Amino acid sequence: MPENAPEVTALQAAAEQVRQQLGLPAFDAAAVLELDHFIEVQRTELAPSSPDRAGVVTALGCFFGQCLVQAYQAEWAAGPDGSTGVGLANRLFFNPFYLVNEQLDKGPQASVAAFFRSVPQRLAGAAGAKKRWIS
């Protein structure tokens, strides 16, 4: 997706709103640690059947995606299946909404902070891979 596309603008605005609500200064590794903690607190209140869950996953996914974009010089992109996510170094595509939902479902074993920390190794392992998304 082009950086100035309306979809990207909306994703960035939603991420900014979450950043402000959580009182975080930036979209960085420290913010992802706070997000991880916030998700763990919310797990007890957001059952999969909760009517608020989809909205929370969307908002937190926008925030997590923007952290990936800024920390790893990534871009918001459409995946091969049409899903919205983050493309990294023309090699990898991650769906931050899925990752947030996974932590809500599985807890610390699906930590967004652990995933965030793993990105450099994932990039190294994907060297030479073909681009898997549409910009």
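As the structure is a computational prediction, the values presented were derived from the model and not from experiment.
The OG atom of Ser83 sits 11.5 Å away from the OH atom of Tyr98 when rounded to the nearest 0.5 Å. Rounding to the nearest 0.5 angstrom, the gap separating the CG atom in Leu60 from the CG atom in Asp36 is 11.0 Å. Atoms NE2 and CD, from His37 and Gln42 in turn, are 10.0 Å apart once rounded to the nearest 0.5 Å.
Checked against ring pair (Phe, Tyr, Trp, His ring centres under 6.0 Å), Phe38 has no partners two or more places apart in sequence or in another chain.
Ser111 places no side-chain N or O within donor-acceptor distance of the main-chain N or O of Pro108, the cut-off being under 3.5 Å. In this structure, the side chain of Thr44 engages the main chain of Val41 through a donor-acceptor pair within 3.5 Å.
A pairwise comparison of heavy atoms in Leu46 and Arg53 identifies O-NH1, 3.0 Å as the closest pair. Counting all heavy atoms, side chain and backbone alike, Phe93 lies closest to Ala78 at CE1-C, 3.9 Å. When all heavy atoms of Arg43 and Lys106 are compared, the pair lying nearest together is NH2-C, 3.8 Å. Minimum interatomic distance between Val112 and Ile39 (heavy atoms only, all atoms of both residues): CG2-CD1, 4.0 Å. Taking each heavy atom of Ala15 and Cys62 in turn, the nearest pair found is CB-O, 3.4 Å. Residues Leu88 and Leu68 approach most closely at CD2-O, 4.4 Å, considering heavy atoms.
Residues Glu102 and Phe115 have side chains not in contact (no heavy-atom distance under 4.5 Å, counting atoms from C-beta outward). In this structure, the side chains of Pro96 and Phe63 stay at 4.5 Å or more apart for every pair of heavy atoms. Using a 4.5 Å heavy-atom cutoff, the side chains of Arg122 and Arg91 are not in contact. Gln66 places a side-chain heavy atom less than 4.5 Å from the side chain of Trp76.
Between Phe116 and Phe64, the angle of the ring planes lies from 30° to 60°, which puts this pair in the tilted group.
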Would you tabulate the side-chain donor-acceptor contacts of residues 24-34 under 3.5 Å, counting partners in other chains and residues two or more places apart, or write 'none'?
from	atom 1	to	atom 2	distance (Å)
Asp28	OD1	Ala30	N	3.3
Asp28	OD1	Ala31	N	2.9

Go through Glu16 and Gln20 one step at a time and tell me if the side chain to side chain donor-acceptor pair (under 3.5 Å) criterion holds.
CA-CA 6 Å; Glu16 177 60 21; Gln20 289 178 14; 2.7 Å; yes
